[in-house]
Number of protein chains: 2
Amino acid sequence: MMSAEQGAFRALADPTRRQILMHLGASDMTIAEVSDQFDMTRGAVRKHLTILEEGNLISVHPRGRERINRLAPDGIRAAADWLNYFNRFWDEKLGALQTAIENQQANESDQDNEQ
Amino acid sequence: MMSAEQGAFRALADPTRRQILMHLGASDMTIAEVSDQFDMTRGAVRKHLTILEEGNLISVHPRGRERINRLAPDGIRAAADWLNYFNRFWDEKLGALQTAIENQQANESDQDNEQ
DNA sequence: CCGTAATAATACCAAAAGGTATCATTTATA
DNA sequence: TATAAATGATACCTTTTGGTATTATTACGG
């Protein structure tokens with residue numbers, strides 16, 4: 001398995017996938033509709049959609065012979081949570097307050113050695 | 001080259017690199033000090049540090065024969081900016097599509113029904 | 001100076017990523 | 001019921017990634 005955070009960051013690492021998210025922000029789309037936005041095969045786009053789904057950045061909804069791809073909040077939230085946590089921690093560092101280290105330790109069980 | 005956002009997301013995609021950032025949040029470290037925190041060779045850790053530097057998540061400061069690695073705000077900001085932009089735009093979509101979502105959603109979802 | 005600590009630079013490897021091409025399966029529809 | 005549309009499933013290929021091991025180079029200390 002993969003932590004929520006790991007799945008999300010992995011999915012966000014590819015520029016095509018971030019673009020797909022933007023397109024899906026405009027409207028839900030079938031695989032074919034997403035593919036039309038890119039200069040690559042449907043197979044490639046489908047793989048990207050699978051990785052986005054694994055990262056809980058989208059949810060997929062079969063409808064007849066189509067598969068509707070829709071933004072889902074969980075993945076984005078997982079990544080945003082990590083960044084926000086890190087930012088707080090960063091701000092404290094800048095303010096010379098080192099007390100966040102305890103919180104870091106407490107959270108490390110969620111984020112070590114997966115992938 | 002790479003966009004700031006791409007460099008940052010690429011660097012954040014690896015769990016070891018995210019852990020390195022956490023460690024550097026506690027204090028600046030030389031390559032050897034960072035390596036001591038992980039069960040891998042210095043060469044491997046150094047590669048991770050290079051990618052973190054390319055993503056502007058850390059800055060590197062030679063001091064004598066050592067290389068001090070230190071958190072840098074630019075990379076985190078690039079990723080956070082993208083996510084925040086995406087989130088705003090996501091919030092708008094959620095409001096607009098609520099009824100359509102309710103028609104089809106048979107499972108899961110923490111986004112549900114906050115009317 | 002000499003030894004050694006810290007890092008740099010390569011060469012190499014296995015696995016994962018990102019892509020194509022092809023064929024099979026399911027579902028609308030004329 | 002054919003047939004085409006949409007997707008599923010594989011097989012395959014190349015490049016990137018994450019790692020090791022080994023050999024320089026650089027700088028500090030006695």
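Just so we're on the same page: letters track the sequence lines, and every chain starts at 1.
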Please confirm whether the shortest side-chain N or O distance from B:Thr30 to OP1 or OP2 of C:dA6 is below 4.0 Å.
no
Just do the side-chain contact (heavy atoms from CB on, under 4.5 Å) check on B:Gln37 and B:Met29 with the steps written out, would you?
CA-CA 11 Å; B:Gln37 312 288 330; B:Met29 292 183 182; 4.2 Å; yes
Separation of C:dT7 C1' from B:Arg42 CZ (nearest whole Å)
8 Å
Could you check how far CG of A:Asp14 sits from C1' of C:dA16, rounded to whole Å?
13 Å
Among the candidates C:dT27, D:dG19, D:dT7, find the nucleotide nearest to the side-chain atoms of A:Ile31.
D:dT7
Nucleotide D:dG18, atom C1' - distance to CZ of A:Arg10 in whole Å:
15 Å
Report the distance from atom CE of B:Met40 to atom P of D:dG18, rounded to the nearest whole Å.
10 Å
OP1 or OP2 of C:dT20 sitting under 4.0 Å from any side-chain N/O of A:Thr41?
yes
Please determine whether any donor N or O and acceptor N or O are separated by less than 3.5 Å between the side chain of A:Arg65 and the base of C:dA28.
no
Check: B:His48 ring centre within less than 6.0 Å of B:Phe38 ring centre:
no
Would you indicate, yes or no, if C:dA17 has its OP1 or OP2 atom less than 4.0 angstrom from a side-chain nitrogen or oxygen of A:His48?
no
Expected output: side-chain B:Arg17 to main-chain B:Leu12 donor-acceptor under 3.5 Å
no
Grab the CD-C1' distance between B:Glu33 and C:dA6 for me, whole Å please.
11 Å
So which nucleotide from C:dA11, D:dA6, D:dA27 ends up closest to the side chain of B:Lys47?
C:dA11
Starting at CD1 of A:Ile51 and ending at C1' of C:dG19, how long is that distance when rounded to a whole Å?
12 Å
C:dT7 phosphate, OP1 or OP2, under 4.0 Å from B:Arg46 side-chain N/O:
no
Return the value, rounded to whole Å, for the distance between atom CZ of A:Arg67 and atom P of D:dT7.
8 Å
Nucleotide nearest B:Glu66 when distance is taken to its side chain, options C:dG19, C:dA6, D:dG18:
C:dA6
If you assign each of A:Gly64 and A:Arg17 to its closest nucleotide in DNA chain C, which residue comes earlier from the 5' end?
A:Arg17
So does A:Ala13 get a backbone contact from the side chain of B:Arg10, meaning a donor-acceptor N/O pair under 3.5 Å?
no
Rounded to whole Å, the CZ-C1' distance (A:Phe9 to C:dA16) equals 20 Å
When all nucleic acid strands are considered with a 4.0 Å heavy-atom cut-off, which category describes B:Ala44: base, sugar-phosphate, or nothing?
base
Is the backbone of A:Arg67 close enough, under 3.5 Å, to the side chain of A:Asn69 for a donor and an acceptor to pair up by distance?
yes
